[in-house]
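Report on one structure; see the data block that follows.
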Amino acid sequence: MARTPDDDRLDLLQGTLDMLILRTLQWGPQHGHGIGQAIRTQSDDLLKVETGSLYPALQRLVKRGWLKADWGVSRSNQRAKFYRLTPEGKKQLAREESRWSQLVHAIGRIMKPASAPGAEE
Amino acid sequence: MARFPWSKHRLDLDDDDFAEEIRSHLAIAQQEKMADGLGERDARDAARRELGNVTLATEAARAVWTPRWLSAFREIGADIRIGGRSLARHPGYSLAVFAVLTIGIGLNVAVFTMLKSIAFSPLAGVEQASELAVVHGETAAGRAVRLSYPEYRALRDQIQAFDGVMGTVLMKANLGRGRGARQIWGELVTGNYFEVLGIRAALGRALTPADERAPGRDPVAVISDGLWRRDFASDPAIIGRSIEVNNQHLTVVGVAEPGFHGTAVVYDVEVFVPVMMGPALGFTFGSKGPATGLFDEPSAPVFHPYARLRAGASLDAASAEVDTLWTRLRRERPQADATARLRVVPFVRAPGGAPSYAMPTLAVLSVMGLLVLAIACANLSGLALVRGISRRGEIALRLSLGASRRRIVRLLVVENLLLAIPGAMAGTLVAAWGIPMLIGYAQRLSAPLRIHFNSDIDGLVLAFAVAAAAGSVLIFGFLPALQSARVNLVTVINEDASPRSAPRGRLRSGLVIAQVAVSVTLLVVAGLAARSVAAARSADPGFDTRQATAVSFDLKQNAYDEARGRIFQQHLLSAVRADRSVEGAALAVYTPLNMTDTRVDPVSLDAYAARPGEDLAFMWNVVSAEYFRTLRIPVLAGREFESRDDPSAEAVAIVNRTLATRFWGGATNALGRRLRIAGSEWRRVVGVVEDLKYARVDEAPRPYFYVPLTQVYRSSVTLHTRGRGPVDTLVGQARAHVTRIDPDLPILTARSMADSTRGALIFLDLTAMMLFLFGTAGIGLAVIGTYGLVSFSVQQSRHEIGIRMALGATRAAVVRQFVARGLRLGVAGALGGVVCAVAAGRLMDAVLFGISPTDAPSFVRALALVLLSITVASLVPAARAARTSPLSVLRHQ
């Protein structure tokens with residue numbers, strides 16, 4: 001099989017998708033397609049969320065009480081289901097962000113030990 | 001949308017909402033693509049492609065909501081639906097499996113029910129009856145003896161391991177007086193009998209220790225629910241009424257709870273009387289003193305006490321305690337009787353009980369039942385395997401659509417259970433219908449006395465049926481299921497799966513070998529058992545049952561005392577002998593071959609010094625003159641009893657051949673010797689007669705002796721006559737002779753000797769019938785199964801046959817080769833079967849009569865039948881395959 005440009009895209013770490021979804025919704029309610037597009041454009045097309053992962057993830061976040069979903073109408077006048085953060089979801093996002101920065105910091109120290117202190121400044 | 005009241009989440013994905021969301025996603029995506037300049041159609045297709053597999057996404061979203069246990073539950077539900085559909089599509093296969101399981105499980109349920117009624121739950125209505133312990137004495141020679149009343153009392157009061165000890169002795173009792181009298185089973189019981197068993201009275205009260213104060217003091221009785229219903233039309237005013245048992249008036253104080261049939265397994269006991277009334281009912285228990293003192297006599301054997309173990313106490317602990325007690329009792333009164341030690345045994349091993357007699361036979365039947373089931377399973381395994389091969393396509397399709405192999409195996413097992421559970425239920429129904437027929441047959445033979453088997457289909461039996469079904473599925477369904485799930489996708493899809501791919505071929509060969517081995521074992525066991533039963537049935541009982549009658553009556557039932565009784569007996573014999581059609585007439589106390597060991601008494605023998613610990617105690621009979629001539633029992637030496645052996649003459653006895661040869665070195669040597677029943681006078685031996693089968697046809701020869709009725713009066717006797725003409729007429733005539741002398745004397749039984757001794761064949765007949773069923777079912781299954789497997793494997797090799805024939809092999813050569821292949825498997829299986837059968841035969845040795853466990857004809861017949869069926873099974877399909885044109889076979893591939 002020939003390599004496609006898609007192969008350059010990055011696979012999402014387990015659990016990272018949930019954080020990205022929460023982050024995307026920080027600026028206001030959005031529907032599933034919009035969330036997918038937002039993640040893609042904001043990552044300069046490096047991250048592409050598969051529909052097969054996105055919608056189950058949305059269901060998971062709703063079940064945990066971090067998102068709420070309501071049917072509404074999109075800018076292009078399409079009926080769509082809009083997700084928004086609940087207060088509980090906002091707290092979760094904060095937790096995830098701090099955990100993420102810790103993780104990045106830790107991995108950074110391992111991958112570039114010499115320059116790590118400098119990079120921190 | 002499912003939601004449990006206690007769950008804060010719904011348990012399922014909102015399907016419609018989710019589908020709507022996906023649709024909206026597509027619409028928005030399509031709109032954006034169109035905005036980018038794509039045409040409507042292209043935009044829609046692109047959006048679809050981007051979306052990917054919606055089903056998988058939906059499943060993943062569903063998994064978020066649905067707990068694992070619920071989805072597993074749903075999957076099994078789906079398995080049941082799919083399995084049901086698949087079975088319905090193949091009614092032939094389904095019916096075959098169902099039928100085979102019905103037969104296999106039905107036979108096993110029947111045997112298990114009998115086993116239950118004898119061993120696991122032998123006493124209807126009694127909780128944990130199988131956990132009762134029985135205490136019995138044992139002589140140095142190992143003969144079981146009853147315990148005396150004082151010994152019982154000591155056990156009851158002093159053994160800590162026992163939570164309650166009661167005593168009971170079975171009696172044949174005459175109920176009523178005059179023409180309406182009949183014989184029933186009764187029990188003489190201690191006052192705590194009902195309390196220890198945990199049986200209540202449905203009406204009135206049960207017997208209590210207050211009914212056991214002194215001999216003859218409490219003339220009361222409890223009757224069974226059955227007797228109350230049959231004889232007293234469920235009269236609610238029965239309490240306080242008087243019934244007559246052995247001419248003794250007893251007041252009915254209670255009716256036992258329904259479903260209780262006493263403690264004598266197989267016998268239906270209808271009346272329970274305090275043991276202290278025993279002497280008043282004519283039972284002296286071998287006491288030599290005055291009957292009223294027998295309960296103080298430490299050597300008068302009364303009964304085998306039954307005990308409940310205290311919670312936590314073991315049989316061994318009880319045994320140890322009983323041993324200590326016995327040692328102390330022996331110190332207090334040295335060597336009172338022949339009892340050397342006491343034994344505490346589980347209920348099933350109660351001496352003389354039906355369980356101890358029936359267990360070995362039931363064990364053989366159980367093994368045969370399991371063998372039949374094993375053959376059935378091997379058969380079904382073969383069928384499932386064949387079917388598994390033919391449904392490789394379906395399984396491959398399921399696998400390629402993403403089903404896991406575990407899921408496939410589960411589907412196949414569920415499918416098998418769908419057949420096995422109804423099969424088990426149908427088998428139970430067959431057993432539930434068949435067992436009463438067997439019991440009815442046994443009841444007819446033992447009439448007028450009633451029998452009872454605790455053979456209800458209860459929870460225990462149902463649990464066994466289900467376990468048998470589940471076990472069968474595991475055996476017949478699991479291997480082929482694993483085999484099927486191992487389908488190789490590529491080969492199946494390319495349709496070039498070789499029919500003789502190695503693992504399946506090995507499994508099939510293994511199945512053939514196993515099936516042949518089990519078949520040979522079953523056939524040998526069935527053959528041994530059948531030949532043993534036949535040998536027992538045709539065994540010479542030692543007397544001539546043809547043209548002979550047996551009419552029983554008890555003179556006490558019409559209030560004859562000894563003097564009047566003697567006159568009656570004398571009159572009767574002269575009247576019958578005066579009849580010109582009668583060739584011989586005699587009276588006797590016991591009829592031979594009546595299944596029960598009659599009374600045994602210790603005996604001293606002239607000129608024979610008993611070895612230490614040797615137990616000289618024999619059964620004996622009281623007979624009139626002409627007894628041996630009437631029953632055509634050969635007199636080997638000396639003479640029979642004659643009228644001159646009256647009370648004033650010398651006391652005489654006649655012994656049998658075994659007694660004469662074992663103790664006096666032969667028939668002629670025995671003449672003139674003397675023997676003495678313990679506690680009575682010496683008797684001169686005036687004759688030696690041939691051995692008989694005294695209780696059962698399959699008994700070993702045993703010493704036995706006779707004393708004349710004229711010297712030892714008995715009121716309960718049987719009149720034997722022999723004559724010409726139809727035997728029914730003879731019975732009628734004999735009966736008429738009795739009633740002509742006393743019309744009010746009840747006749748207890750009146751039948752031909754052939755009918756009278758048929759009772760001894762009941763068990764053999766029942767066993768023979770079961771063996772026939774098992775044998776037929778087993779042989780049928782074995783032959784069909786072997787045929788099926790072998791012929792299937794030949795059919796699978798049609799390709800090979802085609803090639804061989806195309807290359808010039810002759811038909812005969814091909815057929816020969818396949819028959820040889822079949823026989824190789826057959827011989828391997830047969831060798832295994834012979835090894836198993838020899839082992840099984842050794843286990844059966846105890847129940848075999850008259851043949852050796854390595855009886856050659858049984859083995860030869862079994863082997864011949866199995867090898868013949870294998871030959872035919874290979875020959876027919878191979879010949880058919882060889883007859884088809886090689887081209888058509890090859891093209892078919």
Side-chain angles (χ1 to χ4, degrees), chain A residues 4-6 9 11-12 14-15 17-18 21-22 24-25 29-41 45 47-84 86 88-89 92, chain B residues 1-4 6-40 43-71 401-402:
Chain A
T4 65
D6 274 3
R9 278 201 285 232
D11 284 330
L12 283 175
Q14 185 74 37
L17 177 59
D18 290 7
I21 293 173
L22 293 174
T24 310
L25 290 174
Q30 185 56 278
H31 50 69
H33 186 258
I35 296 170
Q37 293 295 71
I39 292 175
R40 186 169 168 177
T41 47
D45 273 8
L47 296 175
K48 182 174 184 259
V49 184
E50 299 288 343
T51 328
S53 322
L54 175 65
Y55 283 95
L58 286 170
Q59 294 285 337
R60 189 163 54 239
L61 295 175
V62 169
K63 188 186 172 193
R64 291 192 179 148
W66 298 335
L67 298 186
K68 258 205 139 24
D70 294 296
W71 285 94
V73 178
S74 74
R75 267 173 298 147
S76 49
N77 216 22
Q78 276 286 339
R79 220 171 97 77
K81 199 174 186 181
F82 285 86
Y83 295 88
R84 62 186 160 77
T86 61
E88 195 46 48
Q92 176 64 20
Chain B
M1 184 165 60
R3 182 200 290 274
F4 287 117
W6 64 84
S7 165
K8 67 178 193 269
H9 296 299
R10 49 177 205 236
L11 287 172
D12 217 341
L13 179 71
D14 186 342
D15 281 330
D16 294 340
D17 190 75
F18 193 77
E20 179 71 31
E21 190 173 3
I22 297 291
R23 264 197 301 279
S24 110
H25 175 105
L26 274 173
I28 293 170
Q30 182 186 355
Q31 223 164 35
E32 280 184 9
K33 307 252 179 236
M34 282 164 73
D36 287 350
L38 282 174
E40 188 182 338
R44 195 173 62 220
D45 290 349
R48 281 255 164 82
R49 265 198 308 279
E50 266 182 25
L51 190 59
N53 190 333
V54 178
T55 316
L56 281 179
T58 313
E59 283 301 316
R62 198 190 304 285
V64 170
W65 293 102
T66 311
R68 191 163 296 189
W69 62 266
L70 187 62
S71 51
L401 286 180

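The chains referred to below are lettered A, B, ... by the order of the sequence lines, with proteins before strands, and numbering in each begins at 1.
A distance of 11.0 Å separates CD1 in Ile28(B) from CZ in Arg79(A), rounded to the nearest 0.5 Å. Taking NE2 from His33(A) and CD from Gln31(B), the interatomic distance works out to 10.5 Å, rounded to the nearest 0.5 Å. The CD atom of Glu50(B) sits 5.0 Å away from atom NZ of Lys48(A), with the distance rounded to the nearest 0.5 Å.
Contacts between Ile22(B) and chain A at a heavy-atom distance below 4.5 Å involve the side chain alone, from C-beta outward.
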**Request:** Determine, step by step, whether Lys81(A) and Glu20(B) satisfy the side chain to side chain contact (heavy atoms under 4.5 Å, CB included) criterion, reporting the C-alpha distance in whole Å, the side-chain angles of both residues, the deciding distance to 0.1 Å, and the verdict.
**Result:** CA-CA 9 Å; Lys81(A) 199 174 186 181; Glu20(B) 179 71 31; over 6 Å; no
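Nearest heavy atoms, Pro56(A) versus Val64(B): O-CG2, 3.7 Å. Here the closest non-hydrogen pair linking Gly52(A) and Ala57(B) is CA-CB, 3.8 Å. In terms of heavy atoms, Ser24(B) sits closest to Ala80(A) at OG-CA, 3.7 Å.
Remark: Arg48(B) engages no residue in a salt bridge (Lys or Arg N to Asp or Glu O under 4.0 Å) (not counting sequence neighbours). Every residue two or more places apart in sequence or in another chain that forms a ring-ring contact (aromatic ring centres under 6.0 Å, His included) with Tyr55(A) is listed here: His25(B).
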